[in-house]
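Quick notes on the structure that follows.
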Amino acid sequence: MQIEHFSDYQALSERACELILQQLEKKPKTLLCPATGSTPLLAYQLLSKKLKGKSSSLSLVMLDEWYGLDKDQEGSCFAYLQKNLITPL
């Protein structure tokens, strides 16, 4: 594993987006387990812009979910990914 250091959030997000795009080029049927929260948000926005209108076989698996929380309820993993990653793609 290679540890990388970044000067700011923008640079970190751009690198994360770049790594996902490289993986998709290498293996179009990639299975991604995206995290939720504020840290990956910009990377997902950048990824959505780069992939907009392009066909992709990217599959997502949710990392976790809150017990008893409806999938469409704000705060659920599903709702977060739907809003910030799936719908923009």
*Connected via hydrophobic side-chain network under 4.5 Å: Leu21 and Leu85*: yes
*Mind listing the closest non-hydrogen atom pair of Ala79 and Ser76 along with its distance?*
N-OG, 3.0 Å
*Compare every heavy atom of Ala43 with every heavy atom of Ala16, then report the nearest pair and how far apart it is.*
CB-CB, 3.9 Å
_Closest non-hydrogen atom pair between Ser13 and Leu42, with its separation_ = OG-CB, 3.4 Å
*Is any side-chain heavy atom of Leu60 closer than 4.5 Å to a side-chain heavy atom of Cys33?*
no
*Test side-chain contact (heavy atoms from CB on, under 4.5 Å) on Val61 and Leu32 and set out the steps.*
CA-CA 6 Å; Val61 62; Leu32 179 67; over 6 Å; no
_Reported NZ-to-CD distance for the pair Lys50 and Glu18, which is rounded to 0.5 angstrom_ = 8.5 Å
*asked:* Under 4.5 Å between side-chain heavy atoms, counting indirect links through other Ile/Leu/Val/Met/Phe/Trp/Tyr residues: same cluster for Tyr9 and Tyr44 or not?
replied: yes
*Quick one: are Gln23 and Lys26 in side-chain contact, heavy atoms under 4.5 Å?*
yes
*Calculate, to the nearest 0.5 Å, the distance between atoms CD and CG belonging to Gln22 and Leu24 respectively.*
10.5 Å
*Using a 4.5 Å cut-off on heavy atoms from C-beta on, say whether the side chain of Gln45 contacts that of Pro88.*
no
*When rounded to the nearest 0.5 angstrom, what distance separates CG in Leu47 from NZ in Lys52?*
12.0 Å
_Quick one, Tyr80 and Leu41 - any side-chain contact, counting heavy atoms below 4.5 Å?_
yes
*Output, in order, the C-alpha distance, side-chain angles, deciding distance and verdict of side-chain contact (heavy atoms from CB on, under 4.5 Å) for Leu58 and Leu31.*
CA-CA 6 Å; Leu58 174 66; Leu31 177 62; over 6 Å; no
*Any side-chain heavy atom of Ser59 sitting closer than 4.5 Å to one from Thr30?*
no
